[in-house]
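Take a look at the structure below.
By convention in this document, chain letters (A, B, ...) are assigned in the order of the sequence lines, proteins followed by strands, and residues within each chain are numbered from 1.
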2 protein chains.
Amino acid sequence: MDKLQFDKHTSAQYNAELEEARKNLMQMGGLVEQQVDDAVRALMEMDTSLAQRVIETDTTVNEMELDIDEECTRILARRHPAASDLRFIIAVSRAVTDLERMGDEAAKVARHTLELADTGSGPQGYVELRHIGVEVRHMVQHSLDAFARLDADSALDVMQQDKSVDLEYGTAIRSLITTMMEDPRSISRALNVMWSLRSLERIGDHARNIAESVIYLVKGKDVRHKKLEHVEAQVKRD
Amino acid sequence: MDKLQFDKHTSAQYNAELEEARKNLMQMGGLVEQQVDDAVRALMEMDTSLAQRVIETDTTVNEMELDIDEECTRILARRHPAASDLRFIIAVSRAVTDLERMGDEAAKVARHTLELADTGSGPQGYVELRHIGVEVRHMVQHSLDAFARLDADSALDVMQQDKSVDLEYGTAIRSLITTMMEDPRSISRALNVMWSLRSLERIGDHARNIAESVIYLVKGKDVRHKKLEHVEAQVKRD
């Protein structure tokens with residue numbers, strides 16, 4: 001496999017362009033991480049003005065997606081990247097898509113928060129929300145760290161976390177269904193909690209996707225749709 | 001703007017590679033279209049063996065995603081496409097991601113069908129499901145046709161359809177919530193219908209994304225996150 005060699009180009013300008021793309025991705029990542037953090041906090045504390053801010057941030061996140069994608073296209077057109085540089089551009093471009101979707105899901109959580117605030121809601125289902133919220137925030141953070149440090153082992157950790165979030169999500173949904181059946185007056189509220197949980201679970205999926213992009217970038221293997229044990233073997237091999 | 005010029009390369013081999021990517025995308029599109037079609041039909045007719053087949057097809061769809069993406073990466077590395085060729089590769093690669101997600105959502109609908117069949121369900125909410133199902137199937141079909149014919153106007157139609165599906169989806173969800181409140185015994189069933197509706201609505205979103213990729217390919221404008229009126233102006237301009 002070719003080594004990662006982002007610093008070895010004869011053209012200083014080319015290096016600067018790749019570095020710029022990396023920097024912008026990380027900046028977008030930081031913003032989305034904050035958005036997810038704020039969305040969970042707004043929901044927990046029924047902070048409607050924070051929820052409002054999460055929704056508004058989405059526009060900036062969308063613009064960043066377009067800018068970074070355009071930058072990647074320009075590099076492809078002018079620099080004809082090969083080997084690890086090409087994988088880098090592809091990984092950045094995939095990660096940007098995932099970050100944008102995370103932003104969408106965070107905004108959805110914020111919208112459900114506003115609906116919950118409207119109805120004046122109790123704390124049922126919040127233990128699960130808080131727990132999954134914290135885990136998913138960590139996943140987002142760790143997937144971005146793994147990208148920044150080109151660390152396939154950390155990326156693998158994120159994939160493992162996703163599995164545990166999926167299990168907890170299933171448990172939380174089943175317990176909410178029980179609540180709804182026992183107390184039909186809670187239905188509307190429980191549905192808002194349910195959709196929020198679903199969005200958090202989706203954010204976890206996107207963090208997992210970013211982790212897969214990191215492994216693609218570092219190891220040169222496309223591990224999407226592969227079983228975790230298989231990916232583990234790939235990452236540990238070399 | 002540069003003209004689309006897929007047939008003008010001096011290298012016959014390069015032409016063949018682009019044509020192969022196009023053909024494979026269309027083949028994957030056909031399979032996903034069938035999968036969506038089958039998922040809706042299985043749900044309507046409570047056909048569990050058809051639902052099972054939809055779930056199994058997902059593996060093939062996933063493999064096609066990896067194959068076509070690898071093909072695109074190879075073309076980027078070897079041929080250094082520029083202008084409309086580069087946009088073509090980017091559009092194919094984005095469309096493939098959307099098709100794969102559609103396949104996932106179709107499989108989710110199929111899983112909910114199996115759960116509904118288990119509980120022995122009535123027909124409530126099915127009018128909306130059937131209606132949205134038919135519309136979404138058309139969107140998928142039309143987005144792929146627009147890609148095949150490089151037709152930005154048809155792509156714009158798909159974007160308009162998405163808006164109407166989103167509205168109908170909102171109405172259907174509200175009516176299901178009413179049903180759940182009136183008859184708490186229907187909760188579990190209604191939730192399966194609700195998740196199925198959500199998946200169909202997401203399939204519509206992905207068809208819209210493919211339509212946006214077609215406009216990017218044909219017009220050279222990235223219209224993601226733009227208001228429909230803005231996109232309309234872009235498409236009609238030249």
Between CG on residue B:Leu76 and CD1 on residue A:Ile90, distance to nearest 0.5 Å: 6.0 Å

Approximate separation, where rounding is to 0.5 Å, of B:Ile187 CD1 and A:Ile187 CD1: 3.5 Å

Which N or O donor-acceptor pairs, by atom type, sit under 3.5 Å across chain A and chain B?
| from | atom 1 | to | atom 2 | distance (Å) |
| --- | --- | --- | --- | --- |
| A:Glu65 | OE1 | B:His225 | NE2 | 2.4 |
| A:Glu65 | OE2 | B:Arg224 | NH1 | 3.3 |
| A:Asp69 | OD2 | B:Arg224 | NH1 | 3.3 |
| A:Asp69 | OD2 | B:Arg224 | NH2 | 2.8 |
| A:Arg224 | NH1 | B:Glu65 | OE2 | 3.3 |
| A:Arg224 | NH1 | B:Asp69 | OD2 | 3.3 |
| A:Arg224 | NH2 | B:Asp69 | OD2 | 2.8 |
| A:His225 | NE2 | B:Glu65 | OE1 | 2.4 |

